[in-house]
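For reference, the structure is listed below as structure tokens.
Below, all heavy atoms of this structure are taken into account, side chains as well, without hydrogens, waters or symmetry copies. All ligand and atom numbering here is 1-based and tracks the order in the structure. Counting from 1, the numbers follow the sequence of the chain as shown.
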Amino acid sequence: MTSDRPTPQPGIFDIDPYVPGKSKLSGAGAIIKLSSNETPFGASPKAIEAYKRAADGLQLYPDGTSYELRQAISARYGLNMDHILCGAGSDELLNLLANAYLGPGDEAIYTKHGFLVYPIAIRANGATPVVACETDFTTDVDAILEKVSPKTKMVFIANPNNPTGTYIPFDEVQRLHQGLPANVVLVLDGAYAEYVHANDYEAGIELVSKNNNVVMTRTFSKIYGLASLRIGWAYCPFEIADVLNRIRGPFNLSAPAIMAGAAAIKDEQFIEEARAHTRIWREWVSKQCQTLGLQVTPSVGNFVLIHFPDAHKFNAHKADDFLISKRIVLRRLDSYHLPNALRMTIGSADDCRATLDALAEFMDPDNQQPDHQGSAPQNG
Ligand SMILES: *Cc1c(COP(=O)(O)O)cnc(C)c1O
């Protein structure tokens, strides 16, 4: 059949474009932006220095193998460099995996409140996303295994998950892997792995090392404070690394990204401070929310999922409007099937306090909330 206009591949018009957390508000004045899980600490000074040094060579193509960065990652985790692949954010790596292993007729599984980049990557390759339910906002291994069919080619889980903040222990990840056919790629997205303090957690290194169908992805966008530079990496079985290397852009990371990333991963002291801060303030925020009568899903990441009462006056959209009137921006989660929750990134101590003060004001029954006409623009 011919068409009178260019026609994209099937599946592409089924994609809802990804809507990032709000980063701007109208009107003047600073905002407290806790909508995108960015770190309040910025990047390591060593990474910033390396980035500035890179300014001297902007006329040159970068090293297409990202050698310096892969070497720094391999030294940090004791991994074979040939199994590490860097990408322009882990988003690129998730898309490369889908490009390589998914096509029309295939299915890929992700979880009910899973990261929205997964269904985009799945549909962009003509494959069908299959959603497994979660239990208590947590990945449910049995629910995933029930969805496996002969068409299944890939399973994506974020562990810890975003936007719920929950994780599954390593023995559950192993049980998931054992239940999958050998031709299914299990993608373990460890974007928040650095934040987890739990003895039963493992991001996936061991499982990748011992199998040929598991990939772990990681990012420099969160605890390393380099979201703007777009740096991610994957630890893969050699065969999968070889496949992805064939289809990636030949210069997929910029030289400033390679140099800043390599310096960042060496600054362990900086990361340790961010980890410690996040843990303390995540617990503080969770407790304070509970004191206000707001339920919080237990989180191991740098964010918390706050559930609002169903009562019209106190629902999440009203809370979001109220916070925005105070120039505080959290993340609305309608597109994650969590319309009555907001996700709050753990920011600086001052930002956490200001946000909890505002939430206390919002939840105060004696406080007359102005009934906002209409809602702020819907924001996934
Ligand atoms: C933030 C995040 C990422 C990181 O994406 P980048 O492209 O590396 O910035 C990956 N997965 C999840 C679940 C995330 O929340």
Side-chain angles (χ1 to χ4, degrees), residues 18-21 23 33-40 43 47 66 69 73 84-99 108-122 124 129 134 137-139 154-168 173 186-196 201 203-204 215-235 244 248-249 252-254 257-258 260-261 264-265 274 278 297 299-305 330-333 335-336 338 343-346 380:
Y18 184 88
V19 183
S23 59
K33 180 177 187 287
L34 302 175
S35 59
S36 300
N37 294 347
E38 294 146 335
T39 177
S66 301
L69 178 56
I73 295 166
I84 296 171
L85 188 92
C86 294
S90 39
D91 287 353
E92 184 190 20
L93 298 162
L94 298 169
N95 278 290
L96 288 174
L97 284 160
N99 293 161
I109 301 172
Y110 70 105
T111 66
K112 171 96 185 277
H113 307 298
F115 191 39
L116 284 179
V117 167
Y118 310 148
I120 294 176
I122 296 164
E134 296 184 9
F137 306 103
T138 306
T139 298
M154 193 168 283
V155 173
F156 291 95
I157 67 165
N159 198 30
N161 191 31
N162 168 26
T164 57
T166 55
Y167 78 103
I168 56 171
V173 180
L186 173 60
V187 180
L188 302 173
D189 178 346
Y192 302 95
E194 293 84 358
Y195 290 104
V196 184
Y201 175 78
V215 174
M216 173 187 73
T217 61
R218 302 286 286 265
T219 185
F220 282 79
S221 299
K222 305 286 157 57
I223 206 163
Y224 291 100
L226 293 170
S228 146
L229 282 183
R230 316 301 308 125
I231 313 169
W233 58 281
Y235 178 50
L244 301 184
R248 71 177 173 83
N252 59 336
L253 268 77
S254 69
I258 293 168
I265 203 165
T278 304
T297 299
S299 169
V300 295
N302 68 333
F303 56 91
V304 290
L305 180 66
L330 307 191
R331 178 68 183 250
R332 279 208 192 182
L333 298 170
S335 54
Y336 283 93
L338 295 163
R343 189 191 67 197
M344 173 182 169
T345 304
I346 302 306

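- Atoms of ligand 1 found under 4.0 Å from any heavy atom of S221, numbered from 1 in the order shown, are 6 (P), 8 (O), 9 (O).
- Taking every non-hydrogen atom of G89 and a distance limit under 4.0 Å, the qualifying atoms of ligand 1 come out as 6 (P), 7 (O), 8 (O).
- The closest approach between F220 and ligand 1 stays at or above 4.0 Å for every heavy atom of the residue.
- Nearest-heavy-atom check against atom 8 (O) of ligand 1 across T219, L93, N162 picks out T219.
- In this structure, E92 has no heavy atom closer than 4.0 Å to ligand 1.
- Looking at every heavy atom in both residues, T139 comes nearest to I168 through O-CG2, 3.4 Å.
- Distance from atom 4 (C) of ligand 1 to its nearest protein heavy atom, with residue and atom name: S90 OG, 3.3 Å.
- Interface atoms of ligand 1 facing K222, defined by a heavy-atom separation under 4.0 Å, are 1 (C), 2 (C), 3 (C), 4 (C), 14 (C), 15 (O).
- Near A191, the atoms of ligand 1 lying under 4.0 angstrom from a non-hydrogen atom of the residue are 2 (C), 3 (C), 10 (C), 11 (N), 12 (C), 14 (C).
- Y18 and D91 form no side-chain donor-acceptor contact under 3.5 Å, judged by distance and modelled atom types alone.
- Remark: A98 pairs with L102, A121, N125 by the side chain to side chain contact (heavy atoms under 4.5 Å, CB included) rule, at least two apart or across chains.
- Using a 4.5 Å heavy-atom cutoff, the side chains of T219 and Y224 are not in contact.
- Side chain to side chain, R331 and N37 fail the donor-acceptor criterion of an N or O pair below 3.5 Å.
- Within the 4.0 Å heavy-atom shell around ligand 1 one finds D189.
- You'll find the side chain of I73 reaches within 4.5 Å of the side chain of F220, heavy atoms only.
- Taking every heavy atom of R230 and a limit of under 4.0 angstrom, the matching atoms of ligand 1 come to 6 (P), 7 (O), 9 (O).
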Before you tell me yes or no, could you show the steps for Y192 and Y167 under ring-ring contact (aromatic ring centres under 6.0 Å, His included), namely the whole-Å CA-CA distance, both residues' side-chain angles and the distance that decides it to 0.1 Å? CA-CA 10 Å; Y192 302 95; Y167 78 103; over 10 Å; no
